[in-house]
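Heads up, the thing below is written out as structure tokens.
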Amino acid sequence: MDTDFLLLLKMKQGDEDAFGQFVHKYYGEILKYCGYHCFDSEYAMDLTQETFLRFFENLSGYRYRGKTKNYLYTIAGNLCKNYYKKKKEAVMDQEGLEEKAGAADPFEDGVLSQMDMAAALETLPDEFREVVILYYFQQLKLSEIADVLNIGLPLVKYRLRQAKKQLKALFEGEM
């Protein structure tokens with residue numbers, strides 16, 4: 001039997017150890033995912049904890065279909081989208097912030113700094129950014145991304161190609 005199915009069954013029966021095992025199994029992946037979205041480690045931890053809280057709040061109505069990790073990514077993705085909305089509202093209030101971010105050298109020893117990567121990802125439309133994060137940072141396969149986002153594989157490939165083009169144009173323009 002699938003370990004997720006057994007853990008979910010035990011959690012629905014109130015087994016506290018099963019909750020701990022479940023969180024331990026997925027916490028690192030979800031934290032990494034949230035971290036790539038917000039680049040603030042404390043806020044990423046908050047988003048990760050909120051992801052698990054929302055999952056557990058709705059556990060009684062959750063039906064296992066073999067895609068528990070995808071469901072966690074969906075919850076985390078929605079929380080991250082809300083984070084972006086709040087962040088964009090705050091940035092609009094601060095003048096000149098984009099000019100300061102653009103002045104920094106985008107490469108440090110051949111690797112993008114975390115701040116530059118955050119700025120680059122924020123230039124992408126939400127649907128492109130999501131595919132880039134899942135593919136490059138979470139290292140999901142294209143078919144897994146299609147499942148997580150509930151879209152077709154050709155659309156995933158299209159979004160990834162378009163995101164690459166936009167990022168390439170952005171970095172070539174800065175050099």
Side-chain angles (χ1 to χ4, degrees), residues 1-92 114 117-118 120-164:
M1 280 203 169
D2 188 8
T3 57
D4 280 351
F5 178 77
L6 294 174
L7 281 174
L8 291 167
L9 188 62
K10 289 179 182 180
M11 287 189 297
K12 286 183 178 183
Q13 295 171 350
D15 184 343
E16 302 238 351
D17 288 337
F19 282 94
Q21 290 173 2
F22 183 82
V23 171
H24 181 71
K25 181 176 181 178
Y26 291 113
Y27 188 86
E29 287 182 64
I30 300 300
L31 177 62
K32 186 175 165 185
Y33 174 78
C34 292
Y36 284 120
H37 272 286
C38 69
F39 292 97
D40 175 352
S41 60
E42 287 185 32
Y43 205 79
M45 285 190 264
D46 290 345
L47 290 173
T48 303
Q49 291 172 2
E50 184 66 24
T51 298
F52 284 99
L53 286 174
R54 290 195 182 182
F55 179 82
F56 295 144
E57 285 172 357
N58 298 305
L59 182 62
S60 62
Y62 177 73
R63 282 202 242 150
Y64 179 75
R65 293 186 179 128
K67 299 183 180 195
T68 307
K69 180 168 69 169
N70 294 354
Y71 186 56
L72 289 170
Y73 276 129
T74 301
I75 295 169
N78 289 334
L79 290 170
C80 291
K81 286 176 189 171
N82 291 339
Y83 167 80
Y84 275 115
K85 287 178 188 174
K86 290 177 188 175
K87 188 174 181 185
K88 284 181 182 178
E89 290 169 3
V91 168
M92 288 179 159
Q114 196 172 27
M117 181 56 77
L121 287 174
E122 283 188 33
T123 65
L124 296 175
D126 290 342
E127 57 272 4
F128 292 173
R129 178 177 45 242
E130 192 68 21
V131 171
V132 168
I133 290 171
L134 290 170
Y135 185 74
Y136 287 106
F137 301 113
Q138 293 305 111
Q139 298 176 343
L140 294 182
K141 296 176 184 172
L142 294 175
S143 59
E144 292 174 322
I145 295 170
D147 287 342
V148 168
L149 299 178
N150 200 24
I151 59 175
L153 184 59
L155 185 55
V156 171
K157 291 177 181 180
Y158 168 78
R159 288 179 180 178
L160 186 58
R161 261 193 324 272
Q162 293 303 312
K164 285 179 184 179

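Bear in mind the structure is a predicted one, so any value in this text is a computation, not a measurement.
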Indicate yes or no: at least one non-hydrogen side-chain atom of V23 is less than 4.5 angstrom from one of F56.
-> yes
Looking only at atom types and distance, does a side-chain atom of K32 sit under 3.5 Å from a main-chain N or O of Q138, one as donor and one as acceptor?
-> no
Output for pair (L8 CG, D15 CG), nearest 0.5 Å, gives 12.0 Å
What class does the angle between the rings of F22 and F52 fall in, given that below 30° is parallel, 30 to 60° is tilted and above 60° is perpendicular?
-> perpendicular
Any side-chain heavy atom of Y135 within less than 4.5 Å of one from V156?
-> no
Output yes when a side-chain donor or acceptor of K12 lies under 3.5 Å from a complementary backbone atom of Y62, and no otherwise.
-> yes
Measure across L160 and L142 and return the closest heavy-atom pair with its distance rounded to 0.1 Å.
-> CD2-CD2, 3.9 Å
Over all heavy atoms of both residues, which pair between A44 and C34 is shortest? Give the atoms and the distance, please.
-> O-CB, 3.8 Å
At what distance, to the nearest 0.5 angstrom, does CD of E57 lie from CD1 of I75?
-> 9.5 Å
Under the side-chain contact (heavy atoms from CB on, under 4.5 Å) rule, what do T3 and K25 come out as? Steps first, then yes or no, please.
-> CA-CA 10 Å; T3 57; K25 181 176 181 178; 3.0 Å; yes
With no hydrogens and no angle check, do the side chains of D4 and Y26 hold a donor and an acceptor under 3.5 Å apart?
-> yes
Rounded to the nearest 0.5 Å, the CG atom of N78 sits from the OG1 atom of T51 at a distance of 9.5 Å
Could you pull out the closest heavy-atom pair between A76 and I30, with the gap in Å?
-> CB-CG2, 4.1 Å
With a 4.5 Å heavy-atom cut-off, do M45 and Y27 have their side chains touching?
-> yes
For the atom pair OH (Y158) and CG (L153), what is the distance rounded to the nearest 0.5 Å?
-> 15.5 Å
To the nearest 0.5 Å, what is the distance between NZ (K141) and CG (D147)?
-> 11.5 Å
Looking only at heavy atoms, the pair that brings V131 and I145 closest together is O-CD1, 4.1 Å
What heavy-atom pair brings L121 and R129 nearest, and what distance separates the two atoms?
-> O-NH1, 3.2 Å
Considering non-hydrogen atoms only, spot the tightest contact between L140 and V148 and give its length.
-> CD1-CG2, 4.2 Å
Going by the angle between their ring planes, with limits at 30° and 60°, are F137 and Y36 parallel, tilted or perpendicular?
-> parallel
Would you indicate whether the side-chain heavy atoms of F19 and L59 approach each other to under 4.5 Å?
-> yes
So, do L149 and L155 sit near enough that their side-chain heavy atoms are less than 4.5 Å apart?
-> no
Could you grab the distance from atom CZ of R54 to atom OH of Y71, nearest 0.5 Å is fine?
-> 10.5 Å
Counting only heavy atoms not in E42, do more than 12 sit closer than 6.0 Å to its CD atom?
-> no
